[in-house]
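Worksheet: one structure, shown below.
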Amino acid sequence: MVTIEGYIINVRFRSDETGYTVMDFESDGEKLTAVGTLNIAEPGMTLALSGDFVVHANYGEQFAFTDAEEIIPKDTLDIERYLGSGAIKGIGIALASRIVTKFGEDTLRILDEEPERLAEIKGISNRKAAEIAEQVREKRDLREAMMFLQKYGISLNLAVKIYSKYNIEVYRILRENPYKLADEIDGVGFKKADEIAFKIGINVDSDFRIRSGINYVLLSAGREGHTYLPKGELIARAMNLLMVGADGIEAQIDNLVTERKLVYKDDGEEDIRVYSAYYYYVELSAARDLVGLKANYKKDKKIDKFISDFEKEKHIELDELQKEAISYASYETPLVVTGGPGTGKTTIINAMIRYFEENNLSFVLAAPTGRAAKRMSEVTGYVASTIHRLLEMNVSNGDKPVFMRDDSEPLDVDVIIIDEMSMVDIQLFNALVKAIIPGTRLIMVGDAAQLPSVGPGAVLADIIESEAVKVVKLKHIFRQEGNSAIVENAHAIIEGREVSTDNKTEDFFMLKRYDSESVIPVITELWMKHLPKHFNVSPLDIQILTPTRIGNTGVENLNIVLQQFINPPSGRKEEYKIKDITFREGDKVMQIKNNYDISWYMTNGLGFTTEEGKGVFNGDIGIIEKINKEMKTAKVLFDDSKYVYYSFEEMSELELAYAVTVHKSQGTEYPAVIIPLLQCPKPLMNRNLLYTAVTRASKCVALVGDEKVFQTMIDNKNELLRYSGFAERIREVLEN
């Protein structure tokens, strides 16, 4: 370890997320490149850096530092250099020289203690002296706050967020109630606040701690898909988290309800439902706007002729329910069309599009994810966007999504068709209906039998259950060449009928194995050799879907095993390790949380940027194209068209995606899927989950495992429990 002293000449690169800095540095009259992490990096700063000289393959010799300490400028030359660096707005080289000439080595003390004396210098008014003094004070306070917060294990990025919100009040807040950070600063979280509180010495039964813990439990429930929790379950979960008694928790729940931060609802169930105020009013707002879209159009007298002409043109014969759906589209809004694979949902969408075109009605197509929108475009021949892009999503200062399209700037269109509605969560749906003018036709298409959205709520199922809008449930299966066994068996699964595993069809078969030691090699062989060769695709196009994250055939273990086969370590590929995951150039990865603030761009064939935007969402899948250890970034390509640069810190939002859970596969379609089936946690062994997995494949479903587990899942019609009150909110709005 070597320690050098000097000053920053220029900052070449700096990550606002991590503080990673590449800078030109001068030490003992020699210029060098220094790389490492700094709280603050400004030209002119004098630093002591501890580290080693290294030789980078692309950038040559550098000083890689692991520790940095700011040094108070020792002499007038250092002081003049710092002031003239531009670090303080309003002071240039010439003015810095005059200040140091006047005050000498006492300059920094004057700036700190008697800044009004700057007005003694020609060219500095009393007002300018006050402005300079304010900047000096702010920079000093920021440095001290960064050091203070990092003592408690708070990252640079979070420390900046915290200080930006609270300024010097941060010291009082941490001493009195560090849980305030968890409630008000995105990214802190209850557990980090609890760590800080423990170091400060706050009691475990503190009211602040219990209240924050209750909010954390409800937030965690939201991540599981719930919009509320029964009061008894909320108390039980909070007791387990906080290790305090039920009485104290119940008292604070009641207090939070009184303060309108939580909402009690008694919908006739055995236990009172407890909502965070946010989710309750999201449900209520979405219900009001949905009901407000109902309109009384007259049925088009020519609709039957249109349907007949459409059948003749396409050389098809629609069943009565398909005709009914197309007919309703002419006058019913909102409208839901639901059905399983092969029931003709795509045909209906195409017929509706034709009808609206012929009647000069403007329309837009959208879906919840990029992949679903891309597939919608392919099957209709019309541009489809994500719902986020349709609503022109932007990002607020709190890294929260802000939609430019809302009730003040609504969508100016006659018809909106949304596909894959089962994937739409309550927050996104609330934003969507808020941006729709009453009278606009809203047509929602999806498969209600699939698993609900990854985000909170069960929007499609709740809308259907509410009986508030017209619903057409398609039932007839139209045989399609090449995927008849998949479609047939998918319907048999969701209806609880027996499915043959005699392997008489090549597009749906089961290879029977009874332990992970024999299942994993079969999966690997299918994935690497047989299926890619048979369907002329890459293994990366074939998705392994597993019910669970844990165990030998869970996502976490399978990804490690599969990565070794398809993308093993190589001297030609950079890699970066985060906790237990090694990311390597060429890896297939998935985004595991919504990041509304991260930037993306698209290019044309010549490499020129054609479109830019923000946001990568939970479930998006991409390929790591480049890992740059110098800049601590990774370049990921999503949906074959969208590039995103991740800082190494942001890569914690990615995981390997050779295998993914069935839940995360929603809205996607693959040429083939491989599904390992062994014993796993009972809540996951259900009909809904198996059905969702099977319906992800367009050409082949390969089951590998125990036929008894397969049958158990078919027999178990109990869906994963999801607490959602949207149907009740819709009925309440209708009644009132």
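Since the model is a prediction, treat every value here as computed from it, not as a measurement.
When every heavy atom of Ala366 is checked against every heavy atom of Ile387, the shortest pair comes out as CB-CG1, 4.1 Å. For Pro456 against Asp425, the heavy-atom pair with the smallest separation is O-CB, 3.2 Å. Taking each heavy atom of Ser212 and Ala182 in turn, the nearest pair found is OG-CB, 3.9 Å. Of all heavy-atom pairs spanning Val662 and Leu545, the tightest one is CG2-CB, 4.2 Å. When all heavy atoms of Ala458 and Ser724 are compared, the closest pair comes out as N-OG, 3.6 Å. Shown here for Leu442 and Thr333, the closest heavy-atom pair between the two residues is N-OG1, 2.9 Å.
Looking only at atom types and distance, the side chain of Arg722 has no donor-acceptor partner in the side chain of Thr227 under 3.5 Å away. Using modelled atom types and a 3.5 Å distance limit, the side chains of Tyr658 and Gln543 yield no donor-acceptor pair. Side-chain atoms of Thr610 and Asn604 include no donor-acceptor pair closer than 3.5 Å. Side-chain polar atoms of Asp587 and Asn567 form a donor-acceptor pair below 3.5 angstrom. For the residue pair Asp414/Ser362, the side-chain donor-acceptor check at 3.5 Å is satisfied. Using modelled atom types, one finds a donor on one side chain and an acceptor on the other under 3.5 Å when comparing Tyr670 with Thr668. Between the side chains of Tyr278 and Gln427, at least one donor N or O sits under 3.5 Å from an acceptor N or O. A donor atom on one side chain and an acceptor atom on the other are found under 3.5 Å apart for Tyr166 and Glu184.
Among residue pairs with one or both ends in residues 605-628, those qualifying as ring-ring contact (aromatic ring centres under 6.0 Å, His included) are His388-Phe617, Tyr596-Phe617; sequence neighbours excluded.
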message = Let's go through Arg288 and Glu283 carefully: what are the C-alpha distance in whole Å and the side-chain angles of both, what is the deciding distance for salt bridge (charged side-chain N to carboxylate O under 4.0 Å, His left out) to 0.1 Å, and is it a yes or a no?
response = CA-CA 9 Å; Arg288 285 171 175 164; Glu283 280 192 351; over 6 Å; no
ask   = Does the pair Met423 and Thr369 meet the rule for a side-chain contact (heavy atoms from CB on, under 4.5 Å), with working shown?
value = CA-CA 9 Å; Met423 295 182 65; Thr369 67; 3.2 Å; yes
ask   = Which is it for Thr633 and Glu650 under the side-chain contact (heavy atoms from CB on, under 4.5 Å) test, yes or no, and what are the steps along the way?
value = CA-CA 9 Å; Thr633 60; Glu650 289 170 327; over 6 Å; no
inquiry  = side-chain contact (heavy atoms from CB on, under 4.5 Å), that's the test. Do Ile598 and Lys614 meet it? Break it down for me.
reply    = CA-CA 5 Å; Ile598 198 166; Lys614 285 184 178 289; over 6 Å; no
inquiry  = What verdict does the side-chain contact (heavy atoms from CB on, under 4.5 Å) test give for Ser422 and Leu460, after you've listed the backbone C-alpha separation in whole Å, the side-chain angles of each residue and the deciding distance to 0.1 Å?
reply    = CA-CA 5 Å; Ser422 64; Leu460 180 60; 4.1 Å; yes
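Atom CD1 of Ile578 is separated from atom CE of Met651 by 5.0 Å, given to the nearest 0.5 angstrom. One distance of note links CZ of Arg211 with CG of Asn177; it measures 9.0 Å at 0.5 Å rounding. Between Ser641 atom OG and Tyr601 atom OH the span is 12.0 Å, to the nearest 0.5 Å.
For Tyr723, the side chain to side chain donor-acceptor pair (under 3.5 Å) criterion is met by Glu233, not counting sequence neighbours. Asp406 is linked by a side chain to side chain donor-acceptor pair (under 3.5 Å) to Ser408, counting only residues two or more places apart in sequence or in another chain.
Checked options Lys632, Glu653, Gln591; the residue passing with Tyr646 is Gln591 (criterion: side chain to side chain donor-acceptor pair (under 3.5 Å)).
No more than 12 heavy atoms of other residues, nucleotides or ligands sit less than 6.0 Å from atom CD1 of Ile168. Open room surrounds OH on Tyr281; 12 or fewer heavy atoms of other groups in view lie less than 6.0 Å from it. Within 6.0 Å of CE in Met404 there are 12 or fewer heavy atoms belonging to other residues, nucleotides or ligands.
Look at Glu585 and Arg572 and you find no salt bridge, because none of the NZ, NE, NH1 or NH2 atoms lies under 4.0 Å from a carboxylate O. Ionic pairing of Lys374 and Asp640 is present here: one or more N-O contacts between side-chain nitrogen and carboxylate oxygen are shorter than 4.0 angstrom. In this structure, Glu195 pairs ionically with Lys192, as a charged nitrogen and a carboxylate oxygen lie closer than 4.0 Å. The pair Glu669-Arg375 meets the salt-bridge criterion, with a side-chain N (NZ, NE, NH1 or NH2) lying under 4.0 Å from an Asp/Glu carboxylate O. With salt bridges taken as basic N to acidic carboxylate O contacts below 4.0 Å, one links Arg584 and Glu575.
A cation-pi arrangement is present between Lys635 and Tyr643, with the terminal nitrogen or guanidinium carbon under 6.0 Å from the aromatic centre and inside a 45° cone about the axis.
With hydrogens and angles ignored, the 3.5 Å screen pairs a side-chain donor or acceptor of Tyr20 with a backbone N or O of Glu630. Of the possible polar contacts, one joining the Gln666 side chain to the Pro452 backbone as a donor-acceptor pair under 3.5 Å is found. A side-chain donor-acceptor contact under 3.5 Å links Ser377 to the backbone of Ala373. With hydrogens and angles disregarded, a donor-acceptor distance shorter than 3.5 Å links the side chain of Ser538 to the backbone of Leu540. Side-chain N or O atoms of Asn595 include none that pairs as donor or acceptor with a backbone N or O of Gly615 at under 3.5 Å. With hydrogens and angles ignored, the 3.5 Å screen pairs a side-chain donor or acceptor of Thr338 with a backbone N or O of Ala448. In terms of modelled atom types and a separation under 3.5 Å, the side chain of Thr692 and the main chain of Leu451 share a donor-acceptor contact. Side-chain atoms of Asn559 come within 3.5 Å of backbone atoms of Leu656 as a donor-acceptor pair (strictly under, hydrogens ignored). Distance alone, capped at 3.5 Å, is enough to place a donor-acceptor pair between the Asn350 side chain and the Val379 backbone.
Two residues are said to be in side-chain contact when any heavy atoms from C-beta on lie closer than 4.5 Å; Arg549 and Thr661 meet this criterion. At least one side-chain heavy atom of Ile416 sits less than 4.5 Å from a side-chain heavy atom of Thr440. Within the 4.5 Å cutoff, the side chain of Ile566 has no heavy atoms near those of the Lys588 side chain. Here the side chains of Phe65 and Leu38 are in contact, with some heavy-atom distance below 4.5 Å.
Aromatic pair Tyr382/Phe363: centroids less than 6.0 angstrom apart. Taking the six-membered ring for Trp and the full ring otherwise, Tyr179 and Phe190 have centroids separated by under 6.0 Å. Checked against the 6.0 Å centroid threshold, Tyr576 and Phe648 count as a close aromatic pair.
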